[in-house]
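Worksheet for the structure shown next.
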Amino acid sequence: MNEGAIDVDELDGGFDLQSTVESGQTYLWNRRDGRAYERDGVHGGDHWYSTVLPATATATNEPEVVLARQLDGRLEWRASTPNAHERLVELLRLDDDLDAIAASAPDEPLVERAYASYSGMRLVRDPPFGSLVSFICSAQMRVARIHGMQTRLAREYGTPVEFDGETYHAYPTPAQLAAATEAGLRDLSLGYRAPYVRQTAAMVEEGEVDPAHARSLPYEDAREYLTQFVGVGQKVADCVLLFSLDFLQAVPLDTWIRNAIADHYPDCDRGSYEATSRAIRDRFGGAYAGYVQTYVFHFLRST
DNA sequence: TATCCAAGGTAAGTT
DNA sequence: AACTTACCTTGGATA
């Protein structure tokens with residue numbers, strides 16, 4: 001058993017684990033108490049969360065189990081491998097300077113209220129394939145159900161890992177999902193997203209297209225690149241760029257942000273996704289516009 | 001108890 | 001290019 005703790009009061013801008021993993025950016029963390037994600041969630045809870053990194057991303061080529069919980073300024077972790085501290089820095093962006101990022105946000109009432117409500121919320125850096133598939137599943141779906149789909153996908157198709165007397169499941173690999181049938185995926189309540197997930201997994205498995213490759217492209221080219229995958233339009237592409245591939249300027253134009261634009265920034269509505277995206281990105285401060293998007297999204301959705 | 005509706009959109013077909 | 005429409009599923013609202 002490897003364990004340790006991180007003093008998050010030392011981080012620039014602090015940290016809030018619950019709002020970070022339950023704000024609809026990631027569907028790859030689970031509450032270990034088994035309670036429904038984002039339903040029984042009482043803010044400030046000290047429950048353990050778990051995530052399992054895919055074998056392909058780990059040194060030993062075994063899935064890596066990471067558990068974390070926050071008690072005030074102390075982020076405790078337990079893991080199946082010794083390097084969980086750096087994993088948490090990577091997965092939860094603990095090296096982002098939140099104070100500087102918040103300072104770059106526009107001085108506007110909606111944005112300031114959103115930042116004040118979720119102090120310490122950070123963006124995540126999910127593994128690319130899991131991020132891609134979970135946002136393909138997000139089309140016309142509620143946050144709690146998107147999370148449920150990912151949990152079922154892992155249980156049904158992912159590699160089981162024993163840790164501390166319990167069985168966890170890694171998120172499925174591209175090969176594992178490519179081998180699934182559409183009917184099998186529909187049985188997990190993916191609905192019309194089932195063929196999208198299977199085909200996208202097959203594309204990644206064949207190796208001709210790789211979601212991580214987008215990281216090396218200019219922002220708008222990266223978004224175009226990701227739309228090659230089946231079930232990925234510009235909005236889903238922006239989510240993967242923001243929540244996995246380090247494009248902190250990406251502002252996914254979902255229903256909540258579109259409503260916010262209509263209500264608060266009508267001059268940013270330029271008709272097309274591309275032009276509106278540029279306008280709201282500029283309004284939200286440019287380089288860290290995606291951080292503003294995430295705070296506003298979480299704020300609007302939870303009030 | 002039954003019916004209706006919308007949920008972090010995308011693909012395919014028309015104009 | 002811009003504009004429609006169909007698409008699975010289900011929890012919660014409405015009648």
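Letters A, B, ... mirror the listed sequences (proteins, then strands); counts begin at 1.
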Atom pair distance, as rounded to whole Å: [atom1] in [X] and [atom2] in [N]:
X: A/M203; N: B/dA11; atom1: CE; atom2: P; result: 10 Å
X: A/I136; N: B/dT10; atom1: CD1; atom2: C1'; result: 10 Å
X: A/R142; N: B/dA6; atom1: CZ; atom2: C1'; result: 6 Å
X: A/I146; N: C/dG11; atom1: CD1; atom2: C1'; result: 14 Å
X: A/Q140; N: C/dT5; atom1: CD; atom2: P; result: 15 Å
X: A/E182; N: C/dC7; atom1: CD; atom2: C1'; result: 12 Å
X: A/D187; N: C/dC8; atom1: CG; atom2: P; result: 14 Å
X: A/R152; N: C/dT10; atom1: CZ; atom2: P; result: 8 Å

Non-hydrogen side-chain atoms of [X] and [Y] separated by less than 4.5 Å:
X: A/V230; Y: A/R198; value: no
X: A/E76; Y: A/W48; value: yes
X: A/H147; Y: A/N30; value: yes

Item to complete: Classify the angle between the aromatic ring planes of A/F299 and A/Y118 as parallel (below 30°), tilted (30 to 60°) or perpendicular (above 60°).
Response: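 Geometry flag for A/Y118 against A/F299: perpendicular rings.
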Is a donor-acceptor contact shorter than 3.5 angstrom present between the side chain of [X] and the base of [N]?
X: A/R193; N: C/dC7; answer: no
X: A/Y192; N: B/dG9; answer: yes
X: A/R145; N: C/dT9; answer: yes

Worksheet entry | Side chain of A/K235 (C-beta onward), nearest among B/dT10, B/dA6, C/dC8 |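 Between B/dT10, B/dA6, C/dC8, the one nearest the side chain of A/K235 would be B/dT10.
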Worksheet entry | Which nucleotide in C/dC8, B/dA7, B/dT10 has an atom nearest any side-chain atom of A/R186 |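 Of the candidates, C/dC8 comes closest.
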Worksheet entry | P-based separation of B/dT3 from C/dC8 [nearest Å] |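 Pairwise P distance, C/dC8 against B/dT3, rounds to 22 Å.
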Worksheet item: Which whole number of Å gives the distance between the P atom of B/dA11 and that of C/dT10?
Response: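 That atom pair is separated by 23 Å.
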Discussion item. Over all strands shown, is A/F229 touching base, sugar-phosphate only, or nothing at heavy-atom distances under 4.0 angstrom?
Written reply: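 Here A/F229 touches the backbone only, sparing every base.
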Practice prompt. Describe the nucleic acid contact of A/Q199 in one word from base, sugar-phosphate, nothing, applying a heavy-atom distance below 4.0 Å.
Written response: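 Since no nucleic acid heavy atom lies under 4.0 Å of A/Q199, the category is nothing.
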Item to complete: Applying ring pair (Phe, Tyr, Trp, His ring centres under 6.0 Å), name anything that partners A/F243, two or more places apart in sequence or on another chain.
Response: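 A/F243 satisfies ring pair (Phe, Tyr, Trp, His ring centres under 6.0 Å) with A/F135 once adjacent residues are dropped.
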Item to complete: Report yes if a side-chain nitrogen or oxygen of A/T255 is closer than 4.0 Å to either non-bridging phosphate oxygen (OP1 or OP2) of B/dA6; otherwise report no.
Response: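 Checking A/T255 against B/dA6: no side-chain N or O falls below 4.0 Å of OP1 or OP2.
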Worksheet item: Across all strands shown, which nucleotide pairs with B/dG9 by Watson-Crick or G-U wobble geometry, both distances under 3.5 Å?
Response: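 The base-pairing partner of B/dG9, which may sit in any strand shown, is C/dC7.
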Worksheet item: Want to settle it: does A/P252 or A/G231 sit nearer the 5' end of DNA chain B, counting the closest nucleotide to each?
Response: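 It is A/P252, whose closest nucleotide lies nearer the 5' terminus.
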